[in-house]
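Okay, structure first, notes after.
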Amino acid sequence: MLKPIARITPLEDPDGFRAALRGWFQKNARDYPWRRTSDPYAVLVSEVMLQQTQIATVLGRGFYTRFLERFPDVATLAAAADDPLLKAWEGLGYYRRARMLRESARAVIGRHGGEFPRDHAALLALPGIGRYTAGALFSFAFDLPAPLVDGNVARVLTRLFDRAEPIDSTAMLKWLWNTAEQLLDHQHPRAFNSALMELGQTHCRPGVPDCLSCPVATFCKTREPAMLPVKAKRQTIEEIDEHAIFIQQRGKVLLCQQGKGGRREGMWRLPLRDKDAAAIMPLLHRRKYGITRYRVSLHVHECPPRHAMAQPHAGESWVALDSLDEIVIPPADRAALTAVLGGAEEIA
Ligand code: SF4
């Protein structure tokens with residue numbers, strides 16, 4: 001059955017649209033810890049964590065609470081050394097976010113005396129803070145009007161207005177931000193932005209939405225919501241192989257600390273070797289993991305301590321087995337190490 005089409009768009013009755021959305025949100029808002037605070041630092045931490053990590057992971061595994069316990073304010077984070085910072089971020093991935101968060105904290109200390117500026121342009125000028133994050137800080141922390149467009153809002157708006165142009169085109173991005181700005185509820189910016197995002201997480205979810213109980217269905221112009229939004233650019237996934245060696249001797253294991261500039265800067269990985277050389281060693285473990293646009297098969301080979309390949313390369317050191325919990329190891333390498341040390345079978 002085709003979905004009914006609304007007679008008017010939200011821009012033709014913005015007050016009615018805002019009231020419908022706000023009324024629904026007041027009764028149904030989810031209780032997230034970052035909604036219980038107006039501390040811009042705590043809001044920023046939540047926004048950066050949620051950029052590439054699901055809410056369920058951030059909350060369910062306690063990352064948000066633990067991070068704020070370890071770094072409770074902007075000054076503590078600004079003074080954080082690499083190791084404890086990355087350790088607190090371990091498991092969230094995309095570690096550059098943690099360093100950028102610290103850069104933002106340092107700029108708040110250095111430029112604004114430790115207080116987040118209540119000025120949109122000054123927020124935007126902080127390192128790592130783009131238009132979305134500045135809008136989130138402005139509206140969620142200060143309850144001041146600033147538009148927000150994330151994936152959820154973009155999906156809701158394209159469906160409400162039945163826009164089938166590629167959502168990642170320059171023209172559509174401009175339209176999305178303009179529309180979000182025009183619809184913004186200047187009396188209740190925090191509630192409005194939260195509600196629009198939450199509508200995209202709940203009723204107006206990806207795939208087939210729940211239009212029957214949608215609070216703003218009477219403003220929605222699309223007939224085929226599941227077809228929207230349209231995306232132009234499709235990222236191609238590239239399959240690659242990695243060959244690592246596992247060498248254990250005298251209670252230590254050889255690991256490699258990742259150098260400056262890479263995604264895993266400062267983290268410890270199993271040492272990688274040339275495929276042809278490593279492949280002659282017995283295979284202990286194999287697992288797949290995804291990173292950005294790569295699907296990686298990590299092969300871990302057993303290497304005798306006296307073999308030529310066991311000679312440490314630049315960045316490689318012997319690390320005591322009982323200190324592995326204290327250093328930051330990417331999830332795939334940690335899982336491989338755990339499996340190999342526990343004698344687990346190869347994983348396909
Ligand atoms: S849930 Fe359905 S009715 Fe509501 S905005 Fe999305 S597509 Fe429109």
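Numbering of ligands and ligand atoms starts at 1, following listing order. The first residue of the sequence shown is numbered 1, and numbering continues consecutively from there.
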- Note on the structure: Within 4.0 Å of some non-hydrogen atom of C220, the atoms of ligand 1 are 3 (S), 5 (S), 7 (S), 8 (Fe)

- Task: Measure from the ring center of W34 to the ring center of F140 and say whether it is less than 6.0 Å.
- Result: no

- Query: Which ligand 1 atoms, with their elements, are less than 4.0 angstrom from a heavy-atom of P225?
  - Reply: 7 (S)

- ligand 1 to R159, heavy atom cutoff 4.0 Å, flagged ligand atoms 7 (S)

- Report the nearest protein non-hydrogen atom to atom 2 (Fe) of ligand 1: residue, atom name, distance rounded to 0.1 Å. C211 SG, 2.3 Å

- Task: Identify, for atom 3 (S) of ligand 1, the protein heavy atom at the shortest distance, and state residue, atom and that distance.
- Result: K3 CE, 3.5 Å

- Where E47 and T133 come nearest, the two heavy atoms and their spacing: CB-CG2, 4.5 Å

- Determine whether the aromatic ring centres of W175 and F161 lie less than 6.0 Å apart. yes

- More than 12 heavy atoms of other groups within 6.0 Å of E12 CD: yes

- C204 near atom 8 (Fe) of ligand 1 via N/O/S, less than 2.8 Å: no

- Message: I want to check a possible cation-pi pair here: R66 against F63, using under 6.0 Å from ring centre and within 45° of the ring axis as the test.
- Response: yes

- Query: Looking only at protein heavy atoms, which one is nearest to atom 4 (Fe) of ligand 1, and how far off is it?
  - Reply: C214 SG, 2.3 Å

- In terms of atom number and element, which parts of ligand 1 are under 4.0 angstrom from non-hydrogen atoms of A217? 3 (S)

- Message: Within the 3.5 Å criterion, strictly below it, is a donor on R263 or T292 matched to an acceptor on the partner's side chain?
- Response: no

